[in-house]
Amino acid sequence: MKRLALKFGGTSVGTVEKIKNVANIVKKRHSEGNEIIVVVSAMSGTTDELIKKSNSISKNFDNSELDVLLSSGEQVSSSLLSGAIIDLGLKARSWLGWQIPIITNDNHTSSQITKIKTDEILNFISHGGIAVVAGFQGISSSNRITTLGRGGSDLSAVAIAKFFGADSCEIYTDVEGVLTTDPSINKKAKTIDKISYEEMLEMASLGAKVMQPNAVQAAMTDDIPVNVRSTFSENSGTKIIPESEIDYKKVVTGVAYSKNNAKVSIVGVIDKPGVAADIFEPIGKNNINIDMVIQNTSFDGKKANITFTIKREDLEKTLNLIEKNKQKINYNKVVHDDKLAKVSIIGAGMIANPGVTHKMFRSLADEKINILAISTSEIKISVLIREELTQKAVKILHETFGLN
Ligand code: ADP
Ligand code: ASP
Ligand code: MG
């Protein structure tokens, strides 16, 4: 007998009909002799709607209240799915995060799971019951509802697999698995059979929405193999596993992108130690993530320009912080651009294959796509480009690196 953690995403439970379909999948997996813990997301669109409502009350809606609000989406889907499974003649029960409990830290809206109590659910599934756990939510030590960041049901599933010692963690979604790029912008995307934790973490962090980056990180840390697969087909999908178990034939495994990037350049700052620290300290303290950074120095070595990228939603706040800090940093002017995208190629095969960088830049140049900033790591290269060129860039890179 195997113990399975099965997670169904928002689109998979997006309508009552789809919930019934999921109930049938669960029934089938249970009838194969498995113990089943299901983790479920809110019905698609629900979380966005709730966020909109909170925004219309206040732009600074209290984060701990936001968590109470957002967690309600998963309460609805977990009860509907349990009801649908019961209706098929099986024993099922929903569990909200606080009822298990799934304990998290108190970092509201992006909490980390620290512990999950297992006895009640273990007892239930060992007597033939199917546990349906509301994803995305937990409870802090101060007894407040928390949530795990957007896409956080993936993290719930990995953590459930870990604490319950599941034999398999399966992420059911609306595509065939992890694809070589987002199929919604490139129809030539192909399903990847096996991908390493490291590559998946880069793909997810660089915009491939199919898995939440924190969930991949958690799976990597605890060596939990993850299977990403489709709710709407029987295909086997993608296995996320250690790099040592993969034989690399391709240099590039996938292409990812993220839109909504902004670039800020601070022109004419004095070129002396401590300036970059003075610029970035208040930004970091305000929880704004700095992504790429470029510094260029003038010919006389006295003045420098510092350029960095952030999420578009953080632009206004960042500009205000720089303005407030003007006395300390002492610059000539600030320029910014908020219609930018980051396109990345990812692949562990790059380590052993020089020449990837120039091939990437040449293929973009041939399409007249200007590169505004670059960042690299051992297994990825990212470029910043104008947002309207995203699809064109993704398609050309996908073709250039033999993924079509
Ligand atoms: P769920 O609701 O099941 O959690 P998500 O919407 O969070 O699903 O993630 C699935 C979506 O991720 C797909 O519909 C697809 O458009 C997008 N996506 C982006 N990049 C990739 C990729 N490389 N492989 C698969 N899907 C991707
Ligand atoms: N419902 C949450 C979201 O939309 C969590 C999830 O779907 O994984 O972000
Ligand atoms: Mg998701």
| Looking at side-chain heavy atoms only, is the closest gap between I36 and I125 below 4.5 Å? | no
| said: Parallel, tilted or perpendicular: which one describes the rings of F308 and F280, with boundaries at 30° and 60°? | reply: perpendicular
| query | Quick check: does any side chain N or O of T180 sit under 3.5 Å from a backbone N or O of K190, one acting as donor and the other as acceptor? | reply | yes
| Any donor-acceptor pair under 3.5 Å from D167 side chain to R3 backbone | yes
| said: Is it true that S58 and N60 share a donor-acceptor pair across their side chains at a distance under 3.5 Å? | reply: no
| Any luck finding a side-chain donor-acceptor pair between E170 and S168 under 3.5 Å? | yes
| query | Hey, mind stepping through Y331 and I322 against side chain to side chain contact (heavy atoms under 4.5 Å, CB included) and telling me if it holds? | reply | CA-CA 10 Å; Y331 52 84; I322 295 170; 3.7 Å; yes
| 4.5 Å side-chain heavy-atom contact, L96 and Q137 | yes
| query | Where do I345 and T400 land on the side chain to side chain contact (heavy atoms under 4.5 Å, CB included) test, with the steps shown first? | reply | CA-CA 11 Å; I345 55 173; T400 300; over 6 Å; no
| request: Start with the C-alpha gap between I374 and F361, add the side-chain angles, then the distance that decides, and say whether side chain to side chain contact (heavy atoms under 4.5 Å, CB included) holds. | output: CA-CA 10 Å; I374 300 161; F361 296 171; 3.6 Å; yes
| Which pairs, with at least one residue in residues 78-95 and sequence neighbours excluded, count as a side chain to side chain donor-acceptor pair (under 3.5 Å)? | W95-E120
| Which atom pair, heavy atoms only, marks the closest approach of P225 to Y197? | N-OH, 3.3 Å
| Nearest-0.5 Å distance that lies between atom CG in D67 and atom OG in S72 | 11.0 Å
| query | Is the count of non-hydrogen atoms from other residues, nucleotides or ligands lying under 6.0 Å from K333 atom NZ greater than 12? | reply | no
| Looking only at atom types and distance, does a side-chain atom of Q212 sit under 3.5 Å from a main-chain N or O of L148, one as donor and one as acceptor? | yes
| field | E32/R29 ion pair, N-O < 4.0 Å | value | yes
| query | Does the side chain of E199 pick up a donor-acceptor pair with the side chain of T253 at under 3.5 Å? | reply | yes
| said: Has D182 got a side-chain atom pairing as donor or acceptor with S184's backbone, closer than 3.5 angstrom? | reply: yes
| query | Does K188 offer a backbone N or O that forms a donor-acceptor pair with the side chain of N404 under 3.5 Å? | reply | no
| Beyond-backbone contact of V22 with V40, side-chain heavy atoms, under 4.5 angstrom | no
| Check against salt bridge (charged side-chain N to carboxylate O under 4.0 Å, His left out), K285 and E281 | CA-CA 6 Å; K285 279 193 174 151; E281 193 179 348; 3.0 Å; yes
| message | Measuring from atom CG of L69 to atom CG of D62, what distance do you get when rounded to the nearest 0.5 angstrom? | response | 11.5 Å
| Looking only at heavy atoms, what is the nearest atom pair of I51 and L70, with distance? | CG1-CD2, 3.7 Å
| message | Could you walk me through whether E65 and R144 satisfy the salt bridge (charged side-chain N to carboxylate O under 4.0 Å, His left out) test, starting with their C-alpha distance in whole Å, then the side-chain angles of each, then the deciding distance to 0.1 Å, before giving a yes or no? | response | CA-CA 9 Å; E65 288 307 329; R144 303 286 323 250; 3.2 Å; yes
| Just how far is it from atom OG1 of T221 to atom CG of N214, taken to the nearest 0.5 Å? | 10.0 Å
| query | Do the side chains of I329 and V275 get nearer than 4.5 Å, heavy atoms only? | reply | yes
| said: Using only atom types and a distance under 3.5 Å, with no angle test, would you say the side chain of N305 pairs donor to acceptor with the backbone of N296? | reply: no
| query | Roughly how far, to the nearest 0.5 Å, is CG of L81 from CD1 of I86? | reply | 9.5 Å
| query | Could you walk me through whether T181 and L403 pass the side chain to side chain contact (heavy atoms under 4.5 Å, CB included) check? | reply | CA-CA 9 Å; T181 194; L403 303 174; over 6 Å; no
| Spacing of OG belonging to S258 relative to CD belonging to E387, to within rounding of 0.5 Å | 9.5 Å
| Any donor-acceptor pair under 3.5 Å from T309 side chain to M292 backbone | yes
| request: Looking only at non-hydrogen atoms, find the nearest pair between S265 and T307 and report the distance. | output: OG-OG1, 2.9 Å
| Expected output: side-chain E74 to main-chain A42 donor-acceptor under 3.5 Å | yes
| R150 with D48: basic N within carboxylate O range, under 4.0 Å | yes
| NZ/K303: more than 12 non-hydrogen atoms of other groups inside 6.0 Å | yes
| field | Full working for salt bridge (charged side-chain N to carboxylate O under 4.0 Å, His left out) between E399 and K395 | value | CA-CA 6 Å; E399 186 185 333; K395 283 187 170 171; over 6 Å; no
| request: Mark yes when over 12 heavy atoms from residues, nucleotides or ligands other than E234 sit less than 6.0 Å from its CD; otherwise mark no. | output: no
| request: Could you check if a side-chain atom of N289 sits within less than 4.5 angstrom of a side-chain atom of K311, using non-hydrogen atoms only? | output: no
| query | If you count the non-hydrogen atoms of other residues, nucleotides and ligands that lie under 6.0 Å from CD in Q295, is the total more than 12? | reply | yes
| message | Can you confirm whether T46 sits close enough to V76 that some side-chain heavy atom of one is under 4.5 Å from a side-chain heavy atom of the other? | response | no
| task | Starting from the C-alpha separation in whole Å, work towards a yes-or-no answer on salt bridge (charged side-chain N to carboxylate O under 4.0 Å, His left out) for K52 and E49. | result | CA-CA 5 Å; K52 248 194 227 155; E49 278 300 317; 3.6 Å; yes
| query | How about E378: does its CD atom have over 12 heavy atoms from other parts shown lying under 6.0 Å from it? | reply | no
| query | Would you find a donor on one side and an acceptor on the other, under 3.5 Å apart, between the side chain of Q391 and the backbone of N186? | reply | no
| Is the shortest heavy-atom distance from the side chain of M350 to the side chain of V251 under 4.5 Å? | yes
| remark: With sequence neighbours left out, the residues meeting side-chain hydrogen bond (donor to acceptor under 3.5 Å, both in side chains) with T104 are T146
| Taking the side chain as C-beta and beyond, is there a heavy-atom pair between M211 and V226 under 4.5 Å? | yes
| Distance only, no hydrogens: is a donor on one side chain within 3.5 Å (strictly under) of an acceptor on the other, for E202 and S377? | yes
| message | Which residue in the set K263, R312, R386 passes salt bridge (Lys or Arg N to Asp or Glu O under 4.0 Å) when paired with D337? | response | R386
| remark: Tightest non-hydrogen contact, residues A157 and K7, listed as CB-CB, 3.6 Å
| Which pairs count as salt bridge (Lys or Arg N to Asp or Glu O under 4.0 Å) when at least one residue sits in residues 339-364, sequence neighbours excluded? | D291-K342
| task | Over all heavy atoms of both residues, which pair between N227 and S236 is shortest? Give the atoms and the distance, please. | result | ND2-O, 3.0 Å
| Separation between CZ of F8 and CG of N21, rounded to the nearest 0.5 Å | 8.5 Å
| query | Any idea which heavy atoms bring Y172 and S230 closest together, and the distance? | reply | CD2-O, 3.6 Å
| Within the distance-only criterion (no hydrogens, no angle test), does the side chain of T238 pair as donor or acceptor with the backbone N or O of I192 below 3.5 angstrom? | yes
